[in-house]
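Notes follow once the structure below has been shown.
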Amino acid sequence: ANLLLILIVNYVSLLLTFGAVFPPLAVALTLALFSVAYFIKLKLGRFLCMAVEQNRLEYLDLIESECLRAGAVEVLRRSTWLLLLFSSVFFTLFVFDTLG
């Protein structure tokens, strides 16, 4: 679950930095973000359905316990600050490069 969160934050950071500068790239990054999130959702759903079909309910408890810790507010807060920092540095260099 944390890996998925890191992946989505990476796509959002790419979208906010490079997608704002070049809009066709923003469309491609948005499609990539949605397709990756949907594919992971499908994989998890298939895994859970197969676990129920095979009566392996311990996997359901394992997934539940892993997802309880995911997305801690402190981790998201730190990643948001890093995202804002690097995006602002990129935009600063981009604006100064285009102005002069």
Side-chain angles (χ1 to χ4, degrees):
N2 282 332
L3 204 57
L4 174 63
L5 184 64
I6 290 169
L7 185 67
I8 289 177
V9 167
N10 283 337
Y11 274 111
V12 169
S13 65
L14 285 173
L15 183 66
L16 288 178
T17 54
F18 300 114
V21 174
F22 190 62
L25 187 60
V27 172
L29 286 172
T30 303
L31 287 174
L33 174 67
F34 284 130
S35 66
V36 165
Y38 187 71
F39 180 70
I40 289 175
K41 188 176 177 181
L42 284 176
K43 269 184 14 181
L44 184 62
R46 177 178 161 86
F47 177 77
L48 292 176
C49 285
M50 290 185 73
V52 169
E53 284 176 3
Q54 295 177 0
N55 206 15
R56 306 286 298 248
L57 300 178
E58 64 270 8
Y59 289 131
L60 299 176
D61 295 333
L62 180 68
I63 296 276
E64 182 70 29
S65 66
E66 286 290 323
C67 289
L68 283 177
R69 299 181 281 149
V73 176
E74 186 59 35
V75 173
L76 288 174
R77 189 172 290 137
R78 279 187 280 164
S79 65
T80 303
W81 280 111
L82 283 173
L83 173 67
L84 289 174
L85 175 74
F86 287 114
S87 293
S88 63
V89 168
F90 174 77
F91 282 128
T92 302
L93 294 175
F94 179 75
V95 167
F96 284 135
D97 185 44
T98 57
L99 288 178

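When reading the values below, keep in mind they use all heavy atoms of this one structure, side chains included, and skip hydrogens, waters and symmetry mates. Positions are given from 1, in the same order as the sequence printed here.
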Same apolar cluster (I L V M F W Y, side chains within < 4.5 Å links), [X]/[Y]:
X: Leu16; Y: Leu7; answer: yes
X: Val27; Y: Leu29; answer: no
X: Leu33; Y: Val9; answer: no
X: Leu48; Y: Tyr59; answer: yes

(request) Can you see which heavy atom on Leu15 is nearest to which on Thr30, and at what distance? (result)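 Shortest heavy-atom contact: CD1-OG1, 3.5 Å.
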(request) Work out which heavy atom in Ala26 is nearest to a heavy atom in Gly19; give both atom names and the distance. (result)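 In this case the closest contact between Ala26 and Gly19 is CB-O, 3.4 Å.
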Taking only distance into account, with no hydrogens and no angle test, what donor-acceptor pairs under 3.5 Å do side-chain atoms of residues 34-45 form with protein atoms, sequence neighbours excluded?
{"residue": "Ser35", "atom": "OG", "partner": "Leu31", "partner atom": "O", "Å": "3.1"}
{"residue": "Ser35", "atom": "OG", "partner": "Ala32", "partner atom": "O", "Å": "3.0"}

(request) Could you check if a side-chain atom of Leu14 sits within less than 4.5 angstrom of a side-chain atom of Val12, using non-hydrogen atoms only? (result)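 They are not in contact (no side-chain heavy atoms under 4.5 Å apart), so the answer is no.
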(message) Rounded at 0.5 Å granularity, tell me how far OG in Ser65 sits from CG in Leu60.
(response)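 These two atoms lie 11.0 Å from each other.
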